[in-house]
Amino acid sequence: MRIIVCIKSVPNTVEVQFHPETKTLMRDQVASTINPFDLYAIEEALRLVEAHGGSVTALTMGPPQAEQELRDALAMGCDEAILLSSPAFAGADTWATAYTLAQAIRQLGPCDLILCGKQAIDGDTGQVGPGIANQLGWPQITYVSRIRTLDPQAGKIVVERLLEEGTEVVEARLPAVLTVLKDINTPRDPNPRLLRRARRAEIPVWDESALPNAEARFFGLQGSPTQVVRVFSPPRREGEVAWITGSMPEEIAERLAEHLHQEGFI
Amino acid sequence: MAWLTIDTERCIGCEACLEACLYGALALEGGIAVVNERCTACGACLPVCPVEALSLPRQAALRAEDAASPEEARGVWVWVEQFQGRAVSLSWEMMGVGRRLADALQVPLTACVFGHNVRDVAREAIAYGADRVFWADDATLAAYRTAPYAHLLVALAREHRPEILLLGASARGRDLAGAVATQLHTGLTADCTALDIEAQTRRLIQTRPAYGGNIMATIVTPNHRPQMATVRHRVFEVPTPNGERTGEIIPVTMRLLAEEEIATKVLDFLPASEEVNLAEARIIVSGGAGVGGPEGFAVLRELANVLGAALGASRAAVDAGWIPYAHQVGQTGRTVRPDLYIACGISGAVQHRAGMGTSKVIVAINKDPEAPIFDIATYGIVGDLFEIVPALTAHLRRRLGH
């Protein structure tokens, strides 16, 4: 069985903040990391391969330095890693990103399952997983909170998905694309034994010449239907906090209740 | 490799682009901006340059060939999500937005209602503002599944060419939107917080948060139609339904996917308890590390019951195993926008604030007066939640006569 995990190198969001006074981006500490949701996808892929045999390929599209995130994936136990990187891929929106990843997945040959995090914490769109599935014409199951059973021989998977109203149990034919949630597992730490190998591993860098069946006009900015026309700081919440104090909890509770009443909640 | 081109003759070293860059790709050297390999060609710096010294050369040769005559597309569509035969309230919020956009464009508003035995939902869609409804009713459509729904919506959109297609940013809505936008090769903007029409161009101006709400971006889909957008729960109001409104219900006659062509089956559904539906909740009582353990949530649950509120939690409480993940609010949980959010023992890390910072009124109860939650709170109480919350519950019980 072959599983491909699509990961994204993202800035560590905690460190991407606007300075409260100057309202500028505090970018001096911008560090990159594997998108947190993708760690759950990697972990789930490793567990499935441990149970059923096979291999896990980590795939990302990004700038050359995204290679580091692939090394981190190898240190968790992924068998191979591929970096899609080229000036032609730059500026891709979710459509062009999914197109390029899907082309690479085709190029990688037979595959049973593709796992992605439910969304990336920088863009927050959750669109690339469905994008890959629909480029490939494979079933998609989003927001997976648990894989109940996987039968590679029968080519079937049964999973639980978390929806607003509860949990849906879905069966799908393989190959399929799954996007996973945080509570599906607890990702392992990098394996010290694998770290050295990961550090030295040769990571193939694929540019457009590695995707001979792709159409160049669908790559990057050129292939992206959406355009960002403006980026700005969100409006700050108005007003300062109104402190509610009192000598006794009951007194505080009563004062808060009065405010809630005036706001129309009670 | 840097993608951005900087015209050194024009650059005045004002640093505006440095501040706009999300990736730390720009610096000032010798009084002139320089770009490094961190540049991703996102374009965020272009509009802030006062002297137009920045350009992305690749942007000039934009996709004229893909411009599938966007000027010919007409009409605003809303996909109406139903669950077990009932429309979800988010769909009517979308209908309200769709009506406003359709009026601005002076075009009809169309609702797409798919399901099984959902003619009542189609009628309701007219009451909520639709001029016409595409109504598809079949056993294969009873429970939402990506393939049959996307097949229908793509086929309808190809035939009728709407200029705008809106979906709620629920789990199903995002799932469907991602599939449909891919198949139609069009732009999709997730989680919009503002949608407006630019009068001269008829373009949909879409504004959305990114980076956990730290940054807002305005996005357009200039050359592809339909312009697709999703909106989260409770960003827009539910319009008042008008049972007198008239409209056309058009049964969909195109071929549906046959059951054997659909690669997924819904085997079962396990409903969540009422208190978990955070997305639709008007009031949320939420607990964090300060709650101290699973038994601590009992105190919050009592307050939630008195207020008719949903129960939320911070990542710290979920990771500690005190409460299931379905309750988690924040960047790796749910994004919520209730009218009232009561944060109990939550310090307010940026990841948590990303999930609840747009709540209309925020009450924060925390022992630490320096906790960052107070930076965004409407009302702040410095104290022990195990004293304050029971006192509030008792007071509200008396006041509300429970």
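Quick note on labels: first sequence line is chain A, next is B, and so on, each numbered from 1.
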Inset, instruction - Under 4.5 Å heavy-atom distance to chain A, tell me which part of B/Val363 shows up: side chain, backbone, both or neither. - result: side chain
Inset, instruction - Starting at CG of A/Leu256, measure out to CD1 of B/Ile365 and round the result to the nearest 0.5 Å. - result: 6.5 Å
Legend entry - Separation between CD of B/Glu280 and CD of A/Glu164, rounded to the nearest 0.5 Å: 7.5 Å
Inset, instruction - Measure distances from A/Glu263 to the heavy atoms of chain B and classify the residue's part below 4.5 Å as side chain, backbone, both or neither. - result: side chain
Legend entry - A/Ile266 side chain near B/Val306 side chain, heavy-atom distance below 4.5 Å: no
Legend entry - chain A interface, residue from B/Ile388, B/Val220, B/Thr146, B/Val382 that has the most non-hydrogen pairs under 4.5 Å: B/Val220
Legend entry - Contact winner vs chain A - B/Gly383, B/Ala169, B/Gly357, B/Ala354, heavy-atom pairs under 4.5 Å: B/Gly357
Legend entry - Options A/His261, A/His259, A/Gln135, A/Lys156, ranked by heavy-atom pairs under 4.5 Å with chain B, top entry: A/His259
Inset, instruction - Give a yes or no on whether the backbone of B/Pro222 and the side-chain of A/Gln227 come within a donor-acceptor separation of less than 3.5 Å. - result: no
Inset, instruction - Flag the one option from B/Ala177, B/Ser170, B/Pro369, B/Ala279 with the top tally of heavy-atom pairs under 4.5 Å to chain A. - result: B/Ser170
Legend entry - Side-chain touch B/Phe269/A/Val169, heavy atoms, less than 4.5 angstrom: no
Legend entry - Contacting moiety of A/Thr142, where chain B heavy atoms sit under 4.5 Å: both
Legend entry - A/Val128 portion near chain B, given a 4.5 angstrom heavy-atom threshold: neither
Inset, instruction - Can you tell which part of A/Arg161 gets under 4.5 Å to a heavy atom of chain B, answering side chain, backbone, both or neither? - result: side chain
Legend entry - Polar side chain donor-acceptor pair, B/Gln183 to A/Asn134, under 3.5 angstrom: yes
Inset, instruction - Select one option (side chain, backbone, both, neither) describing which atoms of B/Gln328 are under 4.5 Å from chain A's heavy atoms. - result: side chain
Legend entry - Side chain / backbone / both / neither for A/Ala257 at chain B, heavy atoms under 4.5 Å: both
Inset, instruction - Against chain B, work out which of A/Ala242, A/Pro130, A/Gly264, A/Ala172 has the most heavy-atom pairs shorter than 4.5 Å and name it. - result: A/Ala242
Inset, instruction - Identify the two heavy atoms, one from B/Ala210 and one from A/Asp122, that lie closest to each other, and give their separation to 0.1 Å. - result: CB-O, 3.5 Å
Inset, instruction - May I ask you to name which of A/Thr94, A/Ile244, A/Thr245, A/Ile157 has the most heavy-atom pairs under 4.5 Å with chain B? - result: A/Ile244
Legend entry - B/Val389 versus chain A, the contacting section by heavy-atom distance below 4.5 Å: neither
Inset, instruction - Pick one of side chain, backbone, both or neither for B/Asp175, based on which atoms fall under 4.5 Å of a heavy atom in chain A. - result: both
Legend entry - Atom pair OG (A/Ser224) and NE2 (B/His224), whose distance is rounded to the nearest 0.5 Å: 9.0 Å
Inset, instruction - Before accepting this row, confirm whether a basic side-chain N of the pair B/Arg399/A/Glu258 lies closer than 4.0 Å to the acidic partner's carboxylate O. - result: yes
Legend entry - Centroid-centroid under 6.0 Å between A/Phe218 and B/His185 rings: yes
Legend entry - Toward chain B, the part of A/Trp95 with a non-hydrogen atom under 4.5 Å: side chain
Legend entry - Interface moiety of B/Arg334 toward chain A, non-hydrogen atoms closer than 4.5 Å: side chain
Inset, instruction - Go through the side-chain N and O atoms of A/Gln119 and B/Arg174 and say whether any donor and acceptor fall under 3.5 Å apart. - result: yes
Inset, instruction - Let me know if A/Leu260 has heavy atoms under 4.5 Å from chain B in its side chain, its backbone, both or neither. - result: side chain
Legend entry - Which atoms of A/Phe265 approach chain B - backbone, side chain, both or neither, heavy atom under 4.5 Å: both
Inset, instruction - Taking A/Gln127 for its side chain and B/Leu188 for its backbone only, find out whether a donor-acceptor pair lies under 3.5 Å. - result: yes
Inset, instruction - Considering only NZ, NE, NH1 and NH2 on the basic side and carboxylate oxygens on the acidic side, decide whether B/Arg172 and A/Glu165 come within less than 4.0 Å. - result: yes
Inset, instruction - Please determine, among A/Val158, A/Thr167, A/Val170, the option with the most heavy-atom pairs under 4.5 Å with chain B. - result: A/Thr167
Inset, instruction - For B/Thr189 and A/Thr226, run side chain to side chain contact (heavy atoms under 4.5 Å, CB included): C-alpha distance rounded to whole Å, both residues' side-chain angles, the deciding distance at 0.1 Å, then the answer. - result: CA-CA 8 Å; B/Thr189 306; A/Thr226 60; 4.2 Å; yes
Legend entry - Structural part of A/Lys118 lying under 4.5 Å from a heavy atom of chain B: side chain
Legend entry - Residue selection (most heavy-atom pairs with chain B, distance under 4.5 Å) from A/Glu240, A/Glu250, A/Gln140, A/Met248: A/Gln140
Legend entry - Nearest-0.5 Å distance, CZ of residue B/Phe83 to CG of residue A/Leu163: 7.5 Å
Legend entry - Under 4.5 Å from a heavy atom of chain A, the part of B/Thr393 involved: neither
Legend entry - Among the listed options B/Lys265, B/Gln227, B/Gln206, the residue most often paired with chain A at heavy-atom distances under 4.5 Å: B/Lys265
Inset, instruction - Answer yes when B/Asp319 and A/Lys182 have at least one side-chain N-carboxylate O distance shorter than 4.0 Å, and no when they do not. - result: yes
Inset, instruction - Count the heavy-atom pairs under 4.5 Å between each of A/Pro139, A/Gly131, A/Ala98 and chain B, then report the option with the highest count. - result: A/Gly131
Legend entry - Contacting region of B/Ile362 [heavy-atom separation from chain A under 4.5 Å]: both
Inset, instruction - Indicate yes or no: at least one non-hydrogen side-chain atom of A/Asp124 is less than 4.5 angstrom from one of B/Arg208. - result: yes
Inset, instruction - Supply the atom-to-atom distance B/Leu267 CG to A/Glu160 CD, rounded to the nearest 0.5 angstrom. - result: 10.5 Å
Legend entry - Distance (rounded to the nearest 0.5 Å) between A/Arg230 CZ and B/Leu46 CG: 14.5 Å
Inset, instruction - Sort A/Asp93 into side chain, backbone, both or neither according to what part of it lies under 4.5 angstrom from a heavy atom of chain B. - result: neither
Legend entry - Options B/Ala190, B/Gly380, B/Gly178, ranked by heavy-atom pairs under 4.5 Å with chain A, top entry: B/Gly380
Inset, instruction - May I ask you to check whether A/Trp243 and B/Tyr379 place their ring centers less than 6.0 Å from one another? - result: no
Legend entry - A/Phe232/B/Thr218 under side chain to side chain contact (heavy atoms under 4.5 Å, CB included): CA gap, chis, key distance, verdict: CA-CA 8 Å; A/Phe232 56 101; B/Thr218 301; 3.5 Å; yes
Legend entry - Whether over 12 other heavy atoms sit under 6.0 Å from A/Arg106 CZ: yes
Inset, instruction - Would you mind telling me which of B/Asp375, B/Asp268, B/Thr378, B/Val48 has the largest number of heavy-atom pairs within less than 4.5 Å of chain A? - result: B/Asp268
Inset, instruction - Starting from the C-alpha separation in whole Å, work towards a yes-or-no answer on side chain to side chain contact (heavy atoms under 4.5 Å, CB included) for B/Tyr211 and A/Ile121. - result: CA-CA 6 Å; B/Tyr211 290 85; A/Ile121 59 161; over 6 Å; no
